[in-house]
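When reading the values below, keep in mind they use all heavy atoms of this one structure, side chains included, and skip hydrogens, waters and symmetry mates. Numbered from 1 within each chain, the chains take letters A, B, ... in sequence-line order.
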Amino acid sequence: MGRRYRTLRGFRDILPGETEHWQAFEQRCRELFARYGFREIRPPLVEPTELFVRSVGEQTDIVGKEMFTFGEGDESMTLRPEVTASVCRAYIEHGLDRRGAGRLWYLGPCFRRERPQKGRYRQFHQVGMEVFGEREPATDLEALALALDVVRAAGIDDARLVVNSIGDEACRPAYRARLVAFLEQVADRLGEDSRRRLHTNPLRVLDSKDEQEQALFAEAPRITDALCDACRAHHDAVRDGLARLGIPYEEDPRLVRGLDYYVRTTFEVRATRGLGAQNAVLGGGRYDGLVRALGGPDVPGLGWAAGIERLLLAGGVLDEPAAARLDVYVVTLGASPPETLALVQALRAEGLAAGWDPGGHGLGGQMKRAGRSGARFAVLLGDDERARGTSTIKDLASGEQFEGPGDPGAIAALVRSRISGEGAAT
RNA sequence: GUGGGCGUAGCUCAGCGGUAGAGCCCCUGACUGUGGAUCAGGUGGUCGUCGGUUCAAAUCCGAUCGCCCACCCCA
């Protein structure tokens, strides 16, 4: 066993039983985004390394140590660690601002070279959205409502929305200076991690999990007390809007996103179950200067992303593997395999999910397989049925058995009416 | 990158110095007129890997790899 090939560290197979749950969630996402007027974008998985360095930030852990990078110099390319940078690049490259395509969503794999953890892998999947060209706080509101809808679509019913504002280039530098001054006064009582972050990402220090440090921070200056008038008005409008829409939320002045490009509104959705200590399942915020910084027009932006593995874990969707499903399983006696397959194909052409046993087993063996296939009905065709031009149909859930038509179209119609009559999905 | 826990059959696990086990799953048959039940039989493991101790190692020791959990960071 030790010599068999296996998935690389941090990579995993998504197997039958789980893929069905993924498909269901993905389908719900498609419907939700469409309802909000968002259109899907599918950028490539690989981009110039420089794109991520510029957008995510040189000092971040993602760029510093978590990227899968290949090639040298100008040829250097990187598997995307997140999707916002790619979407911005595509937006600029194709002039989407002039095509009225400012509301975009995506779903797909991302890669980060970090130590795997619960629901966190080196290849993981993100679903997310970006809005370009909309500066109003009402856009933040709408994005938050959509975020909660997507989280609920993953089966999470205990989601908590947490919002904050981290100011912009007009007010954050001054706040940052005051905060650093404060932190330096208490630096001798800070842990190693916090002392390091004091220089790399001082806003983040306040988010320390260390209780003794938290006690020190009671006196620390708060970003929400230091916002400029424009940021203050924006933040108030978002909070008022959430209240007006009846969306419960919490404020957390320590909620600082790790990526450099955020301004003003930042937010997170947390789940209380299933993920252990790290309970954020979705995060995002406003990034009004990013498109311009990447060489594009001066359009504001806002977006969020969620890790699908973690969403499904927190929603409990994966607790039970999905069962195999078929509408019918064809069982024959005295028919050659091609003859049986011809009937199966006719039923498939009618739109049914149909299975059969190519293995030439007896009636008992075929019925055993019918049961295991997850089929709703067995369609039996033997000498008696052939003589009468009928079939025998057995409801595999109830055991009830009755005479059915011999014609594939009529069989399909009968099966379909039975299934929809129960309100069961196929 | 750091700390802790764990690696025995496809899955869940027992065995903890003396010839590798159970349950479930899977395969075959009883079954050419009926599946989910039952019965009979069967496939599948150099006990993660390498090295050490020992007459003898799945079992004790070391290293290594992998998985899990937590930290850092983030979704």
Side-chain angles (χ1 to χ4, degrees), chain A residues 1-4 6-12 15 17 56-57 59-66 81-84 107 109-121 124-128 147 150-151 154 191-194 196-197 200-201 204 207-210 256-259 267-271 275-285 303-314 321 329 331-335 357 359-385 392-401:
Chain A
M1 188 162 78
R3 302 181 61 174
R4 283 197 235 166
R6 45 184 308 155
T7 52
L8 294 165
R9 155 181 274 194
F11 292 82
R12 62 190 285 268
L15 299 174
V56 175
Q59 295 301 316
T60 59
D61 270 34
I62 294 181
V63 168
K65 61 182 192 189
E66 295 179 1
E82 54 115 47
V83 189
T84 298
L107 187 156
C110 295
F111 303 84
R112 287 185 198 174
R113 196 187 184 105
E114 61 182 341
R115 194 82 167 254
Q117 251 185 93
K118 191 174 185 68
R120 305 174 66 175
Y121 303 92
F124 59 106
H125 297 77
Q126 282 198 335
V127 56
V150 167
V151 168
E192 191 182 331
D193 287 333
S194 291
R196 176 173 46 78
R197 279 190 287 190
T200 57
N201 192 348
R204 189 100 207 153
D207 203 21
S208 164
K209 293 188 174 67
D210 187 308
V256 177
R257 309 263 80 222
L259 279 42
F267 53 89
E268 209 167 82
V269 177
R270 296 174 187 161
L275 291 175
Q278 273 133 69
N279 56 6
V281 293
L282 178 150
W304 52 253
I308 298 179
E309 284 83 357
R310 291 163 59 72
L311 278 176
L312 297 182
L313 263 181
Y329 195 96
V331 173
T332 59
L333 285 174
D357 172 29
H361 292 90
L363 183 65
Q366 291 183 64
M367 286 304 293
K368 188 174 287 188
R369 284 166 175 72
R372 249 192 317 237
S373 73
R376 188 70 182 76
F377 295 96
V379 175
L380 281 82
L381 204 68
D383 295 332
D384 298 348
E385 286 82 0
T392 297
I393 296 179
K394 180 165 186 174
D395 183 327
L396 290 170
S398 68
E400 179 202 357
Q401 183 167 303

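- The separation of A20(B) from A57(B), taken at their P atoms, amounts to 11 Å, rounded to a whole angstrom.
- M367(A) places its CE atom 14 Å from the P atom of U32(B), with the value rounded to the nearest Å.
- Among C68(B), G33(B), A75(B), the nucleotide with an atom closest to any side-chain atom of L363(A) is G33(B).
- Between the P atom of C25(B) and the CZ atom of R369(A) lies a distance of 15 Å, rounded to the nearest Å.
- Contact annotation: R197(A) reaches the phosphate of C73(B) (side-chain N/O to OP1 or OP2, under 4.0 Å).
- A distance of about 43 Å separates the P atoms of C74(B) and U59(B), rounded to the whole Å.
- In terms of polar N and O atoms assigned as donor or acceptor, the side chain of Q401(A) comes within less than 3.5 Å of the base of U34(B) in a complementary pairing.
- Residues passing the salt bridge (Lys or Arg N to Asp or Glu O under 4.0 Å) test with R12(A), sequence neighbours excluded: E18(A).
- Between R310(A) and A75(B) there is no side-chain N or O to OP1 or OP2 distance below 4.0 Å.
- To the nearest angstrom, P of C68(B) lies 11 Å from CZ of R115(A).
- No hydrogens or angles were tested; on distance alone, a donor-acceptor pair under 3.5 Å links the side chain of E385(A) to the base of G33(B).
- In this model, a side-chain donor or acceptor of R120(A) finds a partner on the base of C74(B) within 3.5 Å.
- Taking atom P in both C24(B) and G41(B), the straight-line distance is 14 Å, to the nearest Å.
- Residue H361(A) has no polar side-chain atom (N or O) positioned under 4.0 Å from OP1 or OP2 of C27(B).
- Between T7(A) and L381(A), the residue anchored closer to the 5' end of RNA chain B is L381(A), taking for each the nucleotide with the nearest heavy atom.
- G35(B): no Watson-Crick or G-U partner with both key distances under 3.5 Å is found in any strand.
- Side-chain contact between P116(A) and R9(A) is present, with at least one heavy-atom pair separated by less than 4.5 Å.
- For the pair R204(A) CZ and C72(B) P, the interatomic distance rounds to 9 Å; values are reported in whole Å.
- Checked options L282(A), L107(A), V83(A); the residue passing with V127(A) is L107(A) (criterion: side chain to side chain contact (heavy atoms under 4.5 Å, CB included)).
- When rounded to the nearest whole Å, the span between CD of Q117(A) and C1' of C72(B) equals 9 Å.
- Remark: C26(B) base-pairs with G42(B); criterion is Watson-Crick or G-U wobble with both hydrogen-bond distances under 3.5 Å.
- Across all strands shown, C60(B) forms a Watson-Crick or G-U wobble pair, both distances under 3.5 Å, with G52(B).
- For the P atoms, the distance linking A37(B) with C25(B) amounts to 7 Å, nearest Å.
- Of the candidates G36(B), C72(B), C67(B), C67(B) carries the atom nearest the R9(A) side chain, counting heavy atoms from C-beta on.
- Closest non-hydrogen pair, C110(A) versus E82(A), comes out as SG-CA, 3.9 Å.
- When the P atom is compared between U54(B) and C61(B), the two are found 16 Å apart, to the nearest whole Å.
- Distance CG (D383(A)) to P (G33(B)): 10 Å, rounded to an integer number of Å.
- As rounded to whole Å, 18 Å separates atom P of U34(B) from atom CZ of R372(A).
- OP1 and OP2 of U34(B) both lie 4.0 Å or more from every side-chain N or O belonging to K394(A).
- Both R196(A) and A305(A) sit near RNA chain B, but only R196(A) has its closest nucleotide nearer the 5' end.
- G44(B) and A22(B) have their P atoms separated by 14 Å, given to the nearest Å.
- Taking a pair to require two hydrogen-bonding distances under 3.5 Å in either a Watson-Crick or a G-U wobble arrangement, U2(B) pairs with A70(B).
- Comparing G36(B) with C69(B), their C1' atoms sit 39 Å apart, to the nearest whole Å.
- For D383(A), the salt bridge (Lys or Arg N to Asp or Glu O under 4.0 Å) partners are R386(A), not counting sequence neighbours.
- Rounded to a whole Å, the CD atom of E114(A) is 12 Å from the C1' atom of G1(B).
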